[in-house]
Every structure is written in C-alpha cells, then in structure tokens.
Amino acid sequence: MKARIPKHREFLISFPEDMDQARQDEAWGKLNQILEDYKKEGKSVYTPTFIEECQDKVDALKAEYGFDYTIELR
C-alpha cells in the first residue's frame, strides 16, 4: 500500500536576538492561539489555504512583537 503525504507550507518564526524570553513566550502563546482557533473551526494546518487564512493575524503579531517569518514548503 502507498500513501501520499501532501507537501504543505508553514510559517518559520524568528525572534530578534535581543528580545527577552518572556516576550518571546507571550508571542508564541498568541501564535499558538491562532492555530488552536483555526483547528476549532474544523480545519487542519495542512489545508492548502492555511497560510492565506492566517497570514493577516500573523502579520499583526509580527508588527506587535517585531519578529520575522518566512513561509517554507515542507
């Protein structure tokens, strides 16, 4: 039997080196909440539209916390 695992895209987050750990943890908590809210809608992070549907929220957190991100195909 063969199983095909689809490739998916994901956010790769990088925090500034000078950001303290408490602030990073706070940002991670909010990023994880985006995922949890998405899953509560019955959606998977492997859905092809995950990036598009969540990018505005991640961009808002990027502006608030000053991190960078890239979108990578896995």
Side-chain angles (χ1 to χ4, degrees):
M1 180 164 98
K2 292 182 181 180
R4 182 172 295 209
I5 300 172
K7 291 184 177 180
H8 67 281
R9 295 175 298 154
E10 60 189 19
F11 291 102
L12 298 178
I13 308 293
S14 58
F15 292 103
E17 290 182 19
D18 61 344
M19 181 183 283
D20 66 56
Q21 189 62 49
R23 187 135 170 92
Q24 288 183 36
D25 292 344
E26 182 179 310
W28 275 121
K30 291 181 179 183
L31 288 163
N32 281 317
Q33 189 60 53
I34 292 170
L35 293 175
E36 292 305 314
D37 291 345
Y38 194 75
K39 290 190 290 186
K40 285 178 185 174
E41 294 175 9
K43 299 176 183 177
S44 168
V45 296
Y46 300 108
T47 303
T49 58
F50 168 71
I51 296 292
E52 290 79 10
E53 292 180 11
C54 294
Q55 193 162 9
D56 287 345
K57 294 174 186 174
V58 173
D59 284 342
L61 290 179
K62 176 183 174 185
E64 182 179 349
Y65 289 95
F67 59 76
D68 286 321
Y69 72 83
T70 57
I71 298 171
E72 187 170 295
L73 180 65
R74 293 277 176 161

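A quick note: this is a predicted structure, and the numbers were derived from the prediction, not measured.
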**Asked** How long is the span from the OG1 atom in Thr47 to the CZ atom in Arg9, to the nearest 0.5 Å?
**Response** 11.0 Å
**Spacing of Leu31 atom CG and Lys62 atom NZ [to the nearest 0.5 Å]** = 12.5 Å
**Fill in**
Taken to the nearest 0.5 Å, the spacing of Ile34 CD1 from Lys30 NZ works out to 10.0 Å
**Message:** On a heavy-atom basis, which atom in Gln24 and which in Met19 lie closest, and how many Å separate them?
**Reply:** NE2-O, 3.1 Å
**Request:** Check for a donor-acceptor pair, side chain of Ser44 on one end and backbone N or O of Tyr46 on the other, with a separation under 3.5 Å.
**Result:** yes
**Request:** Give the ring-plane orientation class for Tyr65 versus Phe67, where under 30° counts as parallel, over 60° as perpendicular and anything between as tilted.
**Result:** parallel
**Complete:** Taken to the nearest 0.5 Å, the spacing of Leu73 CG from Glu10 CD works out to 9.0 Å
**Prompt:** Side-chain heavy atoms under 4.5 angstrom apart, residues restricted to Ile, Leu, Val, Met, Phe, Trp, Tyr: same cluster for Leu12 and Tyr69?
**Reply:** no
**Message:** Could you report the tightest heavy-atom contact between Gly66 and Pro16, atom names first, then the distance?
**Reply:** O-CG, 3.4 Å
**Asked** When rounded to the nearest 0.5 angstrom, what distance separates CG in Asp18 from CZ in Arg23?
**Response** 11.0 Å
**Message:** Do Phe50 and Ile71 sit in one hydrophobic cluster, given that two such residues count as connected whenever their side-chain heavy atoms are within less than 4.5 Å of each other, even indirectly?
**Reply:** yes
**Prompt:** Once you round to the nearest 0.5 Å, how far does CZ of Phe11 lie from CG of Leu61?
**Reply:** 10.5 Å
